[in-house]
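To start, the structure under review is shown below, and the notes come after it.
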There are 2 protein chains.
Amino acid sequence: MKISMKGKYAVRLMLDLAEHDFGEPVSLKDIAVRQEISEKYLEQVVSLLNKAGLVRSIRGPQGGYRLVRKPYDYKVGEILRMTESCFAKDGDGEEDASMILWNRIDDAVSSVIDTVTLEDLLTWQNENAYNYSI
Amino acid sequence: MKISMKGKYAVRLMLDLAEHDFGEPVSLKDIAVRQEISEKYLEQVVSLLNKAGLVRSIRGPQGGYRLVRKPYDYKVGEILRMTESCFAKDGDGEEDASMILWNRIDDAVSSVIDTVTLEDLLTWQNENAYNYSI
DNA sequence: ATATAACCTACGGATAAAGTAGGAAATAAA
DNA sequence: TTTATTTCCTACTTTATCCGTAGGTTATAT
């Protein structure tokens with residue numbers, strides 16, 4: 001399964017916001033430095049998430065972005081479907097003979113991305129960090 | 001889930017070969033007409049399947065293509081991974097924090113496409129034709 | 001007033017999708 | 001042996017998306 005940088009960046013950005021969710025907005029610059037991602041490119045990614053209402057932006061000094069919900073209230077599917085063209089809706093339902101196949105693949109993917117939350121990712125990340133620090 | 005034309009054509013081509021598997025090779029021209037796909041484009045698709053050893057080609061008059069195995073011996077994953085860039089191997093395993101997520105998506109997709117066979121597609125297709133003919 | 005941020009649009013190279021086009025090589029049949 | 005058929009191969013177009021760069025505009029906290 002090929003996942004684009006855009007999709008990966010979007011998830012990392014949301015994860016970063018979740019990890020620094022202390023009331024103050026988090027600037028793109030900080031995220032870009034921490035995640036080692038071009039800030040300019042991140043701008044375009046976060047713009048998609050902003051328009052989708054997944055984050056809230058605050059302009060001006062000390063501004064930045066914040067999550068609008070709690071991490072456990074974000075399914076990663078919401079993030080990926082906004083940013084990863086593979087996971088976008090197929091649109092033209094052309095009643096193909098293999099429709100059942102495409103639907104099964106859809107269902108399989110959805111069963112993962114519409115179940116796993118941002119909080120799950122945080123948990124896994126920390127478990128992993130713990131394992132490596134032994 | 002967005003599936004490309006190339007991937008869909010590849011499946012339809014293999015299905016067509018399975019349906020006309022009577023010992024004689026099936027020409028691309030016939031398939032192109034039946035499936036209403038540009039023959040020239042089909043050439044390029046079938047070339048991938050040929051190089052992967054999924055079909056056997058016979059040149060010259062009365063030539064064409066044949067399946068090398070029985071329909072139940074083809075997983076659709078074999079076909080799709082050759083033709084659908086979404087399903088290709090990701091290559092660079094960059095030990096991302098969300099690796100667990102990508103692996104789960106991978107597993108979910110594989111559990112479908114490495115299980116469903118060409119024969120399954122034929123069956124579903126016929127069931128569907130039956131339902132519509134009532 | 002100023003510096004800090006988000007916001008917006010456009011541009012660039014690279015890659016892939018979805019074809020189109022033209023010919024070369026093999027081969028069965030006349 | 002010639003001919004028609006069919007696969008095979010390479011190159012080209014057009015459109016779109018990825019990944020990133022660049023430059024400027026607007027809002028706002030200090």
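All values reported here derive from a predicted model rather than from experimental measurement. Each chain gets a letter, A, B and so on, in the order the sequences are listed, and its residues count up from 1.
Across the protein-nucleic acid pair, B:K40 atom NZ and D:dC12 atom P stand 16 Å apart, rounded to whole Å. Summarising the geometry, the separation between NZ on B:K29 and C1' on D:dA4 is reported as 11 Å, rounded to the nearest angstrom.
Within residues 54-68 of chain B, the residues approached by DNA chain C to less than 4.0 Å at the level of any non-hydrogen atom are B:R59, B:G60, B:P61, in residue-number order. Non-hydrogen atoms lying under 4.0 Å from DNA chain D are contributed by nothing in residues 16-24 of chain B.
Counting all heavy atoms, side chain and backbone alike, A:K2 lies closest to A:C86 at O-SG, 4.4 Å. Between B:T83 and B:G7 the shortest heavy-atom distance is OG1-CA, 3.7 Å. Between A:A18 and A:L67, the closest heavy-atom pair is CA-CD1, 3.7 Å.
Remark: the A:D107 side chain and the A:S110 side chain contain no N/O donor-acceptor pair separated by less than 3.5 Å.
Using a 4.0 Å cutoff to heavy atoms of chain A, the contacted part of DNA chain C runs 5' to 3' from C:dA3 to C:dA10.
Considering only heavy atoms from C-beta on, A:I100 stays 4.5 Å or farther from B:D120 through its side chain.
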Assess the residue pair B:D114 and B:R81 against the criterion (salt bridge (Lys or Arg N to Asp or Glu O under 4.0 Å)); give the C-alpha distance rounded to whole Å, side-chain angles, the decisive distance to 0.1 Å, and a yes or no. CA-CA 10 Å; B:D114 293 336; B:R81 279 195 245 269; 2.5 Å; yes
Worked verdict on B:S47 versus B:N50 for side-chain hydrogen bond (donor to acceptor under 3.5 Å, both in side chains): CA-CA 5 Å; B:S47 157; B:N50 195 13; over 6 Å; no
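Checking B:I58, B:L13, B:V55, B:L17 one by one against B:V26, the side-chain contact (heavy atoms from CB on, under 4.5 Å) holds for a single residue, B:L17.
For B:R56 and B:Y65, the positive end is not near the middle of the six-membered ring at less than 6.0 Å and at most 45° from its axis.
Taking A:Y72 as the reference, nothing meets the ring pair (Phe, Tyr, Trp, His ring centres under 6.0 Å) condition, with sequence neighbours excluded.
Looking at A:K75 and A:E78, no side-chain N of the basic residue comes within less than 4.0 Å of a carboxylate O on the acidic one, giving no salt bridge.
Each salt bridge (charged side-chain N to carboxylate O under 4.0 Å, His left out) pair with one or both residues in residues 20-32 of chain B, not counting sequence neighbours, appears once here: B:D21-B:R66.
Remark: A:L121 CG to A:I79 CD1 distance equals 7.5 Å, nearest 0.5 Å.
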Pairs under 3.5 Å (N/O, protein and nucleotides 15-19 of chain D):
residue, atom, partner, partner atom, Å
D:dC18, OP1, A:S85, OG, 3.3
D:dC18, OP2, A:K6, NZ, 3.0
D:dC19, OP1, A:M5, N, 3.1
D:dC19, OP2, A:M5, N, 3.1
D:dC19, OP2, A:K6, N, 3.0

